[in-house]
Protein chains: 2
Amino acid sequence: METIDLELIRIFVKVIQQGSFSKASIILGIPKSTVSKSVTKLEETLGTKLLLRTTRSQSLTSSGRLFYETCLEPIQVLEDAQRSMTGQDSIVSGNIKITAPEDIGYQIVSPIVGELTQKYPELTFEMHFTNSIVDLIADGFDLAVRIGPLRESNLKARKIGNLDMSLVAADSYLKKHPPILKPKDLENHDVLMLPPVSSKNYWSLVKGKTQVKVPVKTRLVSNQITSLLYSAAAGGGITLAPAFLCRNLLEEKGLIRVLPEWKIKGIPISLVSPIATSSSARLKIVSDALFDTISSRLN
Amino acid sequence: METIDLELIRIFVKVIQQGSFSKASIILGIPKSTVSKSVTKLEETLGTKLLLRTTRSQSLTSSGRLFYETCLEPIQVLEDAQRSMTGQDSIVSGNIKITAPEDIGYQIVSPIVGELTQKYPELTFEMHFTNSIVDLIADGFDLAVRIGPLRESNLKARKIGNLDMSLVAADSYLKKHPPILKPKDLENHDVLMLPPVSSKNYWSLVKGKTQVKVPVKTRLVSNQITSLLYSAAAGGGITLAPAFLCRNLLEEKGLIRVLPEWKIKGIPISLVSPIATSSSARLKIVSDALFDTISSRLN
DNA sequence: TTACACTGTTTCTATATGGAAACAATTGAT
DNA sequence: ATCAATTGTTTCCATATAGAAACAGTGTAA
């Protein structure tokens with residue numbers, strides 16, 4: 001069996017992480033011609049195309065994705081091993097690519113990362129905030145904050161907890177509409193929701209042992225929770241949002257909690273990574289920081 | 001930071017596994033001059049001696065050992081990744097170095113390995129049976145069967161279970177000596193033991209809820225259980241041995257179980273490896289085969 | 001549409017590298 | 001004690017390789 005120069009694998013991994021041959025060449029400190037030839041040679045040796053590349057973009061083949069998934073972690077471990085031998089283990093360095101939902105990103109991830117940049121001067125960050133779900137593998141991400149139930153995958157997940165949810169509406173709105181004293185009163189109100197919206201939407205409210213499922217009338221849909229909150233603040237209706245998000249808006253925007261004594265099932269929030277966080281020192285630091293801060297702010 | 005050619009690490013790992021520069025060069029299919037220069041270069045880049053070498057033997061420095069421990073698994077994963085890409089994952093191949101206590105080795109490991117060689121024609125084995133404890137890292141072993149409680153280490157252990165122990169003696173011996181009807185009767189008998197032997201040795205016997213601790217009189221010590229059994233069979237006295245070991249000797253050598261209704265605390269038996277068995281297909285196969293067979297023969 | 005900026009690939013050559021053989025050092029057997 | 005065998009190291013050269021630059025596509029912006 002022909003053995004593969006492991007150096008080729010490292011270059012391949014870096015190309016995926018950086019998302020381009022050129023960037024990988026800069027990070028590795030070698031000319032891009034070498035990167036190009038290395039990937040080609042790796043493909044030849046493996047006998048499989050790994051990367052479909054037009055001059056302008058590239059995407060992993062299914063084999064390439066599989067290969068990347070299995071090689072990413074060992075490569076990182078080896079690089080870390082090198083660092084710790086050369087006495088650089090005390091200095092946490094490297095780059096971390098993070099993705100998160102927008103609101104979580106702005107309000108939680110950004111401040112944490114801000115602190116980390118001060119604490120670890122050798123650490124650099126790339127953040128990508130979007131409410132659509134990015135492909136951690138294909139886009140070379142190290143870490144993602146995900147809300148909602150996790151789909152099955154071979155990514156390593158670490159559940160942080162459940163986000164407490166609150167029902168809120170503007171003071172002005174509530175004055176103009178019938179009072180809401182029990183869940184059933186919600187039925188005839190205007191509701192602002194995140195997608196997906198089906199023909200019949202329900203909210204399940206719980207108080208003690210009693211659980212009530214109320215059909216609600218969707219008046220406005222947005223993919224941004226923050227935008228829903230602003231619409232609600234303008235009197236657009238009632239919306240459901242993570243408690244931590246609406247808390248500061250409650251006072252300053254004249255929002256009021258509706259049925260505060262009723263609870264709504266929280267949304268799971270998790271950290272997801274292509275590799276085990278324990279296998280990379282710098283990943284562990286960021287992961288732990290996010291975990292600790294988020295779990296202290298779930299409600 | 002200067003990056004290290006991962007190929008150098010692979011070569012270093014192979015040198016440790018094979019125990020010599022020459023053998024590593026043969027396995028890798030490269031001249032030994034390259035191996036020599038590679039290790040030297042790796043040491044220079046890391047700024048640390050990894051391997052103390054006289055022309056005739058070599059030993060890991062403490063740094064070298066640490067480096068090997070962290071690099072072994074990722075290197076194997078990468079090599080496996082290559083195999084699975086080139087479609088050789090269905091063919092389990094490679095070499096497995098196993099160590100085990102002698103009796104376990106002869107009676108259990110050898111037969112299992114014998115079967116595996118037939119089942120997996122591409123797999124080769126190196127077996128080293130000894131009752132002294134070998135250094136899995138320094139000697140490049142993949143797998144060890146260990147009996148007795150495990151010392152702490154950064155090896156990955158997998159407990160199989162506890163070996164049932166039986167007290168046995170020769171028919172001829174029992175006829176010449178006072179009958180043994182209860183544990184206390186053992187006190188004045190001749191006993192054959194494994195080291196370590198202290199001035200006072202005890203055997204703890206259990207029946208139901210009653211536990212009895214009996215002092216015993218050591219007449220003969222050997223580091224080989226089998227030799228104890230042969231001595232016992234010759235009428236030398238009573239000995240304590242794993243049930244599976246003396247079972248076949250019971251009939252053919254005229255050995256008889258003593259106090260069969262009393263139980264003696266079993267000795268833990270485990271599989272130990274420098275890497276997680278899950279990270280290498282061939283290791284998993286061997287490990288599972290040993291686990292399954294041994295666990296079915298504990299009593 | 002056109003020009004520009006960027007991508008990945010190819011070309012070409014100086015350089016570094018890997019491999020055969022000779023070398024030195026150590027062990028074990030005669 | 002001497003010889004033979006085997007180890008790791010060094011030498012030296014042909015070869016493969018990495019790197020600079022030119023090249024050729026592709027998307028973007030004016």
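Reminder, nothing fancy here: chain letters follow the sequence lines and each chain counts from 1.
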Ranking A:Val15 and B:Thr34 by the position along DNA chain C of their nearest nucleotide, the one closer to 5' is A:Val15
Note: for A:Asp5 and A:Lys32 on DNA chain D, the residue whose nearest nucleotide lies more 5' is A:Asp5
(request) May I ask you to verify if any side-chain N or O of B:Gln58 is less than 4.0 angstrom from the OP1 or OP2 atom of D:dG8? (result) yes
Rounded to whole Å, CD1 of B:Ile30 lies from P of D:dG8 at a distance of 13 Å
* To do: If the plane angle is over 60° it's perpendicular, under 30° parallel, otherwise tilted; pick one for B:Phe129 and B:Tyr106.
  => perpendicular
Separation of C:dA20 atom C1' from B:Ile26 atom CD1, nearest Å, is 15 Å
B:Leu52 atom CG is separated from D:dT9 atom C1', nearest whole Å, by 17 Å
To the nearest angstrom, the CG-P distance between B:Leu51 and D:dT9 comes to 9 Å
Using a 4.0 Å heavy-atom cut-off across all strands, classify A:Ser22 as base, sugar-phosphate, or nothing. sugar-phosphate
Looking only at D:dG8, C:dG8, D:dG19, the nucleotide nearest the B:Phe21 side chain is D:dG8
- Query: Taking A:Ser153 for the side chain and A:Leu155 for the main chain, is one N or O donor matched with an acceptor at less than 3.5 Å?
  - Reply: yes
Checklist entry - Taking OP1 and OP2 of D:dG25, is either one under 4.0 Å from a side-chain nitrogen or oxygen of A:Arg53? => result no
* Asked: Considering only heavy atoms and no angle criterion, is a donor-acceptor pair shorter than 3.5 Å present between the side chain of A:Lys37 and the base of C:dG8?
  -> no
At less than 3.5 Å, do the side-chain atoms of A:Ser33 and the base atoms of D:dA18 form a donor-acceptor pair? no
Where does the angle between the aromatic ring planes of B:Phe12 and B:Tyr68 fall among parallel (under 30°), tilted (30 to 60°) and perpendicular (over 60°)? perpendicular
Between NZ of B:Lys49 and C1' of D:dG8 the distance, given in whole Å, is 12 Å
Separation of D:dG8 atom C1' from B:Leu28 atom CG, nearest Å, is 16 Å
Remember a base hit wins even if backbone is also touched, and classify A:Thr40 as base, sugar-phosphate or nothing at under 4.0 Å, heavy atoms.
nothing
Taking NZ, NE, NH1 and NH2 as the nitrogens, is one of them in A:Arg10 or A:Glu7 under 4.0 Å from a carboxylate oxygen of the other? yes
For A:Lys23, which contact category applies under a 4.0 Å heavy-atom criterion: base, sugar-phosphate, or nothing? nothing
- Query: Can you find a side-chain donor-acceptor pair between B:Ser287 and B:Arg158 that sits under 3.5 Å?
  - Reply: yes
From CD1 of B:Ile11 across to C1' of D:dG8 the rounded distance in Å is 15 Å
Whole-Å distance, B:Arg10 CZ to C:dG18 P, equals 13 Å
> Under 4.0 Å: is that the gap between some side-chain N or O of A:Ser36 and OP1 or OP2 of C:dG8?
Replying inline: no
